[in-house]
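From a predicted model like this one, the values you see are computed outputs, not experimental measurements.
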Amino acid sequence: MNVDVVVWDPASTDAEAQLNAVLAIHKANRGTLGPMPDAAFCERARHQGLLLGLVDASVSGYVLYDIPRSNLIKLVHVCVTDSARGTGLARDMVQLAIQLNPHRSEIAASCRTDYGMDGFWRSLGMHVASERPGRALSGSILMNWVKRIHIDRGLDLLESAFLDSSLPIAVLDTNIINDLFLPPQIQRDHRDETMELLADWLQPLVTFAVSGEVDTEISQNQDREIRTKVRAATQHLTRLSTLRPSDRELEDEWLDATDPRTLAKDPSLRFDVLQLADAVHAGADYLVTNDSNVHLAAATAWNVRERSIRVVRPHELIAALSPEAFMSDFRSNLIDDGDLEWREVTSAEPGLEPAFRVYDAESRPNVFNQRLRALLAKRRTTTVQKLVDKQGALWALAAFELDGDTLRLPMIRAIRGERGSTVAFQLLRHFRRSAVEHHAIRVEICETAISDTLDAALKADGFTDGAKRIAELGPETATIQELGLSSSAEVALAERYKWPLVVRDAGLPTFLIPIQPRWGTNLLGLNDGLISLRRRGLGLSRELVYFSGSRIEPKELPARILWYATADKTATTRKIVARSVLVDSARISAEEAVRRFNQIGVLRPSDITGAADRTGKVNVVRFQDTELLRRQISRRDEIFKRYVKDTVQIMKQVDPHMFDDVIAAQSDGRSTV
C-alpha cells in the first residue's frame, strides 16, 4: 500500500477529477464534518488550502484549512475514507499543512464532542483550549483544539520566559488541578494536602505549569459550568508544548515497560505518560500528582530519575522547596525517658499506618495516610514527629503547630497495648510543658480520630469534651491565694487540670527523700543515657514506687516530695534534683512489697528486702507526676541550709515553705551551688 499526501493544484490536468473525488468524500461524511456549500469549498481549495491524501494513487482523504492570521493554521476539515483509516493518512496530511506554513506558531480545529474524534486530536498532540455551543438542535458542544507548532524554531514569548526562569518547574497533573479548582462541595480525598500548594510563601519559590493534556481531561467533565470555571481558573498556568506526534519515544518506552495487567486495571496511565513526557521535554524538575499508580510506575517501570525529574506528591514538593527557616522552631527534646527521642516525619512511612491508625474512625489505611500527607504539606506551620526508642520501635506520633497563644495538635497517637495509656498521658503532659515554654496559654487537640485510650487520658487530664479538646493552662506557678483555692484537694485538682501549674503557699506536707544516684538514675531519669537498669518505658509511667527503711508514714495526702540525690560508688551529687506528688505510703513486709510492687519499681527483690528495717518491714512510697528540676538545689545552697540542719540519710518531713522556695528558684535566676 502506497500512501502519499500532495497539495491540490487547480491547474493540473486531473484537478477537476480530484476535486470531485474530494467533494464525494465530503458529502459521504457530512454528518461529522458539518455542511459547507460546494462553492465555498471550492473557493477555499483554490487558495491553496486543500491537501489530498492518496492511497495507491487514489484520493482517499483530504484536509481543508485556512490561514486566517499570521500565527494560525485553522483546520476546517480532516477526513479519510473508511478504507484508509489506520494508515496514518490523516496525521500525514496535518503534518504537511504544518510543514507548508513554517512561520505559523499554532494549529487549531473545532470539533463537536459527539463526533467521537477526541482520540484523533489527542494523537496529534492537540489539547482543548475552549468550547462553545454548536448549531445542532440536540445542543451540541464544539471543543476548540489547539497545539503550538514549530517549537524547534522557537517558543512563544510566554513559554520561553517560563522555561528560562531560574526557579524550579513543577508540572501539575489533572488530579492536582481538580483538587485545587473543582467546587468545594465536590468531595476530594487529597484536597487538604493539595491546597497547601496555594500558600503565598510557596509561590516565589517555584513555577507551576500544566501539560495541555490537563485541558483535554478537564473538557471530559460532564458539567459544562464546572468545565468553564476550572478552565478559567487555570488560565494563569503555562501550557507546555508537546513533541507529539512526531516524537513519541518516551511515551512508547514507558508504556512498553508497564505491565499490561496494570494498564488493563488503570487505562488512565496511557494518558498520564503523556503529561509526564511533556514535563520531561520542557525540562521540568517535578511532576506533582496524587495518583498512586503513577508513583508506583514512575519508581519502578518508568525509572524517571534518569530523566532528571521527580514524581512527587504535594507535601513532598513543599518539603523539597521549603527553606530551612520556614520549618517550625518548635523542637521537642526527650520525653521523660532517655531511651526515647523525637524524630521528624517527612513522608507517609509504611510503618506509621499499622502502628497508629485508629480503626474505628479510619476505615481504610489510605484514610490515615491522606490525613498524614495533608499535615506534612503544612510544612511551614506544622511539625510532624514520631517518638521512637533506640531500636527504632514506634511509641507515638504527633503533629503540632503554634498558633498565637495556642498549641494545636491536629494529630496525636500513642502505641496500642498495655503501655498505650501511660504513653498517651505523658504525651499530654509533654505538650502541656512545651506549650508553656513557648508562651502558649492553651493546648487544643483537634484530632479527628481519637482512640479510647487517648480519650481516657484527655478526660483524666482535664481536657474539655467536644470536637476540639481544650486545656487552659495556668501560670507555671502561683500562690494558693492568687488562685482562690482553699483546700489540699483543690490544690491537687488545679495542679492536675492546669499542669504544669505548681501551687505555692499551699502548706501541703513536704518530705525530703534521699536517693542514691544509681537509683535516681533508674527511677527519676537522671543523667539520661545511663539508665542501664531502668525498664524500657518506665519513665513514661505516671505512677512509680520507691522503697525505703524509713518509719515515717505520711497520713495527710497528697503531699510533696523533694528528691535529694546523695552519693554512692556511681556518682556524688548531693543536690535536690526532682519533685513529685506523694499519693500513698504504707509500711508493709518486704515480701508483700515484692509481691505487690516489684513490677512498677526499679529495684530487684534483693534490693527491696535489703531496704527493710530490723523487723523486716519496708516503707512503700507511691508517687506520680515527677519532674526534674531545671535548677538543682545543692546542700550548700541557702535554701537547703535554711530548712535542713543535719545530714539527710533517711526520709524526713520538712517545712512546706522549703518546697515553695525550691520552686521559686526555678525561675528567679538564684544560684544553686
Side-chain angles (χ1 to χ4, degrees), residues 1-112 115-117 119-126 135 142 144-153 244-248:
M1 180 182 294
N2 183 30
V3 178
D4 195 14
V5 181
V6 298
V7 179
W8 181 69
D9 181 2
S12 66
T13 57
D14 55 351
E16 185 174 356
Q18 290 175 335
L19 183 59
N20 288 334
V22 167
L23 290 172
I25 294 173
H26 170 240
K27 288 180 172 60
N29 293 277
R30 186 173 293 177
T32 56
L33 292 172
M36 180 179 291
D38 288 356
F41 196 106
C42 294
E43 180 67 19
R44 278 190 165 90
R46 290 189 174 92
H47 283 83
Q48 296 184 331
L50 178 62
L51 303 179
L52 306 179
L54 308 178
V55 176
D56 295 332
S58 175
V59 176
S60 300
Y62 74 94
V63 162
L64 187 67
Y65 68 92
D66 289 337
I67 46 175
R69 58 179 188 268
S70 60
N71 69 326
L72 181 67
I73 300 172
K74 172 67 175 177
L75 298 174
V76 179
H77 286 171
V78 179
C79 185
V80 297
T81 62
D82 290 343
S83 61
R85 296 187 189 281
T87 63
L89 183 61
R91 183 190 66 237
D92 292 346
M93 289 189 294
V94 173
Q95 286 299 104
L96 181 58
I98 293 172
Q99 293 169 16
L100 293 172
N101 295 274
H103 301 297
R104 305 281 159 158
S105 61
E106 189 173 74
I107 189 167
S110 295
C111 186
R112 278 172 47 175
Y115 286 173
M117 296 289 291
F120 170 69
W121 302 117
R122 292 177 92 166
S123 73
L124 297 179
M126 302 178 76
R135 297 178 180 177
L142 282 171
N144 300 314
W145 295 81
V146 300
K147 177 189 175 183
R148 282 196 285 272
I149 57 176
H150 299 307
I151 60 175
D152 55 326
R153 301 177 187 178
R244 289 182 298 279
S246 58
D247 183 353
R248 278 192 55 102

Under 4.5 Å between any side-chain heavy atoms of [X] and [Y], yes or no?
{"X": "Val5", "Y": "Val63", "value": "no"}
{"X": "Pro245", "Y": "Lys147", "value": "yes"}
{"X": "Arg44", "Y": "Leu50", "value": "no"}
{"X": "Ile67", "Y": "Leu72", "value": "no"}
{"X": "Leu52", "Y": "Gln18", "value": "yes"}
{"X": "Lys27", "Y": "Asp38", "value": "yes"}
{"X": "Met117", "Y": "Thr32", "value": "no"}
{"X": "Trp121", "Y": "Val78", "value": "yes"}

- [ ] Would you please classify the geometry between the His26 ring and the His77 ring as parallel, tilted or perpendicular, with 30° and 60° separating the classes?
- [x] parallel

Task: Step-by-step side-chain contact (heavy atoms from CB on, under 4.5 Å) determination, Tyr65 to Leu51 - done: CA-CA 9 Å; Tyr65 68 92; Leu51 303 179; 3.9 Å; yes

- [ ] Evaluate side-chain contact (heavy atoms from CB on, under 4.5 Å) for Gln99 paired with Leu96, printing each intermediate quantity in order.
- [x] CA-CA 5 Å; Gln99 293 169 16; Leu96 181 58; 4.0 Å; yes

- [ ] Please confirm whether the backbone N or O of Asp56 pairs with a side-chain atom of Ser58, one donor and one acceptor, at under 3.5 Å?
- [x] no

Open item on the list: Between Lys74 and Pro68 (side chain of the first, backbone of the second, donor and acceptor by atom type, cut-off under 3.5 Å), is there such a pair?
Closed with: no

Task: Cys79 side, atom SG; Arg30 side, atom CZ - distance, nearest 0.5 Å - done: 12.0 Å

TODO: Give, for atom CG of Leu124 and atom OG of Ser246, the distance between the pair rounded to the nearest 0.5 Å.
DONE: 11.0 Å

Open item on the list: Test side-chain contact (heavy atoms from CB on, under 4.5 Å) on Val55 and Ser83; report intermediate values, then the result.
Closed with: CA-CA 9 Å; Val55 176; Ser83 61; over 6 Å; no

TODO: Apply side-chain contact (heavy atoms from CB on, under 4.5 Å) to Val22 and Phe41, showing your working.
DONE: CA-CA 10 Å; Val22 167; Phe41 196 106; 3.5 Å; yes

Which atom of [X] lies closest to which atom of [Y], heavy atoms considered:
{"X": "Ala45", "Y": "Leu64", "value": "N-CD1, 4.2 Å"}
{"X": "Leu89", "Y": "Asp4", "value": "CD1-O, 3.8 Å"}
{"X": "Ser60", "Y": "Ile25", "value": "C-CD1, 3.9 Å"}

